[in-house]
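What's counted below: heavy atoms across the whole structure, side chains too, no hydrogens, waters or symmetry copies.
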Amino acid sequence: MAQFLKLNQSLMISDNLKQVKSRIDSVQSRKKVELIAVSKTRSTKEIQEAVDAGQVHFGENYLQESIEKINFFKGSGLIWHFIGPIQSNKTSAIADNFDWVHSVDRIKVATRLSDQRNPALGSLNVLIQVNVDREETKSGVDIENVGEIVSEIESLPNLSLRGFMTIPRPENSQNSFAEMKQLISKYPNLDSLSMGMSADLEIAIKNGANLVRVGTDIFGQRSYN
Ligand SMILES: *Cc1c(COP(=O)(O)O)cnc(C)c1O
């Protein structure tokens, strides 16, 4: 019985991955779109199933659980994206363990990530999180302040600024994605837009997203205990 359940679940994750990839492929895009499997709260076993199905990019929000998983998969060639809110006393572990950070929203955090990144690891890829809907409760830089933080981050030696990330209000995502597309067009040296989740990845890709972050549609509903 246990054997049967396990088989069933791994079939589910690989089937789900196939479905999400075909949704991505159904949208025309000038850029290659990379699927990031958001594995927060998921076990190493679930991640292994996605890896066995060919998944390489994973996104994590919570530092402590992510470090355990990253260590578990050391040497497997996986690419890890930090996508959660960043406390400035946690930057060192993020700089040591991740390949990408999507949620940089203040210069203090960027400076610490650069100072703490071991240059032997190569530059840490960073995205500036933009609060496109100007929501009080959401982290991210307001659009009018993006220019300033872009030039400050570009001067930091161990970071490679790649673009922007956003989490729009679901009911307004079409307009917000279009606003992000316009924003990044002002920075021809930036090549990455991280936007689009399970529900709205097609609209995001139509608006230039090349990094989409999908959790639920790959791994099923999350249960937080
Ligand atoms: C959890 C999370 C996702 C994935 O959301 P799903 O609804 O599970 O697809 C994407 N981006 C961020 C920043 C998240 O925290």
Side-chain angles (χ1 to χ4, degrees), residues 31 34 36 38 40 57-67 70 79-169 172-173 176-197 204 207-213:
K31 297 189 221 165
E34 209 62 75
I36 299 172
V38 176
K40 64 185 176 208
H57 291 260
F58 289 88
E60 288 280 341
N61 295 55
Y62 310 114
L63 190 60
Q64 193 170 342
E65 64 162 269
S66 71
I67 303 295
I70 291 170
I79 299 174
W80 293 94
H81 299 250
F82 192 81
I83 62 175
I86 303 175
Q87 294 166 266
S88 57
N89 63 341
K90 301 284 171 61
T91 49
S92 168
I94 294 174
D96 281 344
N97 287 283
F98 282 84
D99 305 292
W100 287 74
V101 182
H102 292 220
S103 40
V104 173
D105 65 354
R106 52 202 195 280
I107 191 64
K108 180 184 178 190
V109 160
T111 306
R112 289 174 64 93
L113 288 170
S114 179
D115 290 346
Q116 293 163 340
R117 177 73 167 180
N118 176 355
L121 295 174
S123 297
L124 179 62
N125 296 295
V126 307
L127 303 175
I128 296 166
Q129 183 171 349
V130 178
N131 185 2
V132 65
D133 297 317
R134 292 175 178 75
E135 290 172 277
E136 292 277 334
T137 54
K138 222 171 245 175
S139 34
V141 179
D142 289 343
I143 286 200
E144 57 272 23
N145 299 328
V146 163
E148 187 184 346
I149 191 166
V150 163
S151 37
E152 290 185 273
I153 293 180
E154 282 181 331
S155 73
L156 297 171
N158 298 316
L159 303 186
S160 172
L161 181 63
R162 302 294 297 275
F164 305 120
M165 180 271 244
T166 199
I167 311 170
R169 281 207 312 269
N172 190 40
S173 61
S176 308
F177 291 153
E179 231 182 308
M180 294 303 297
K181 181 183 186 178
Q182 216 201 348
L183 177 69
I184 201 165
S185 73
K186 297 179 192 153
Y187 301 93
N189 52 332
L190 300 183
D191 63 10
S192 297
L193 258 188
S194 166
M195 56 189 198
M197 308 203 275
N207 284 284
N210 64 314
L211 300 167
V212 296
R213 310 177 309 264

Gap separating the [atom1] atom of [X] from the [atom2] atom of [Y], nearest 0.5 angstrom:
X      : Y      : atom1 : atom2 : value
Gln129 : Ser139 : CD    : OG    : 4.5 Å
Thr166 : Asn131 : OG1   : CG    : 7.0 Å
Met165 : Asp105 : CE    : CG    : 9.5 Å
Asn97  : Leu63  : CG    : CG    : 7.5 Å
Leu190 : Ile128 : CG    : CD1   : 7.5 Å
Phe98  : Leu113 : CZ    : CG    : 11.0 Å

Evaluate the side-chain proximity of [Y] to [X]: yes if any heavy-atom separation is below 4.5 Å, no if none is.
X      : Y      : value
Val109 : Val101 : no
Val146 : Phe164 : yes
Asn207 : Met180 : no
Arg162 : Asp191 : yes
Phe58  : Asp99  : no

### Message
Can a donor-acceptor pair be found, under 3.5 Å and without considering hydrogens, that links the side chain of Ser192 to the backbone of Gly163?
### Response
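Not confirmed, Ser192 side chain does not pair with Gly163 backbone.
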### Query
Where the side chain of Arg117 meets the backbone of Gly122, is there a donor-acceptor pair that is under 3.5 Å apart?
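It does hold such a pair.
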### Task
Kindly write out the residues that satisfy ring-ring contact (aromatic ring centres under 6.0 Å, His included) with His81, not counting sequence neighbours, or none if the list is empty.
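Partners of His81 by the ring-ring contact (aromatic ring centres under 6.0 Å, His included) criterion, ordered by chain and then number, come out as His57, Trp100, His102.
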#### Entry: Residues that Phe177 engages under ring-ring contact (aromatic ring centres under 6.0 Å, His included), provided they are two or more places apart
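In terms of ring-ring contact (aromatic ring centres under 6.0 Å, His included), with neighbours along the sequence ignored, Phe177 is linked to no residue.
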### Query
Going by atom types only, do Arg213 and Ser194 share a side-chain donor-acceptor pair under 3.5 Å?
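Side chains of Arg213 and Ser194: pair found under 3.5 Å.
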### Message
Ignoring hydrogens, what is the shortest heavy-atom contact between Asn210 and Leu193? Give both atom names and the distance.
### Response
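In terms of heavy atoms, the two residues are closest at OD1-N, 2.7 Å.
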### Task
Kindly give the heavy-atom pair with the smallest separation between Val132 and Ser176, and that separation in Å.
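Closest approach of Val132 to Ser176, heavy atoms only: CG1-CB, 3.6 Å.
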### Task
Sorted by first residue and then second, give each salt bridge (charged side-chain N to carboxylate O under 4.0 Å, His left out) pair with at least one member in residues 122-139; sequence neighbours left out.
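Pairs touching residues 122-139 that pass the test: Arg134-Glu144, Glu135-Lys138.
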### Task
May I have all residue pairs that pass ring-ring contact (aromatic ring centres under 6.0 Å, His included) and include part of residues 116-155, sequence neighbours excluded?
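Pairs touching residues 116-155 that pass the test: none.
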### Candidate pair Lys108 and Thr91, rule side-chain contact (heavy atoms from CB on, under 4.5 Å), full reasoning
CA-CA 10 Å; Lys108 180 184 178 190; Thr91 49; over 6 Å; no
#### Entry: Partner residues of Arg106 under the salt bridge (Lys or Arg N to Asp or Glu O under 4.0 Å) criterion, sequence neighbours left out
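Here no residue qualifies.
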Result block: side-chain N/O donor-acceptor pairs under 3.5 angstrom for residues 153-160, not counting sequence neighbours:
from, atom 1, to, atom 2, distance (Å)
Glu154, OE2, Asn189, ND2, 2.8
Ser155, OG, Glu152, O, 2.7
Asn158, ND2, Ser114, O, 2.9

#### Entry: Residue Lys31 excluded, over 12 heavy atoms near NZ under 6.0 Å
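Yes, NZ of Lys31 has more than 12 neighbouring heavy atoms, counting only those of other groups under 6.0 Å.
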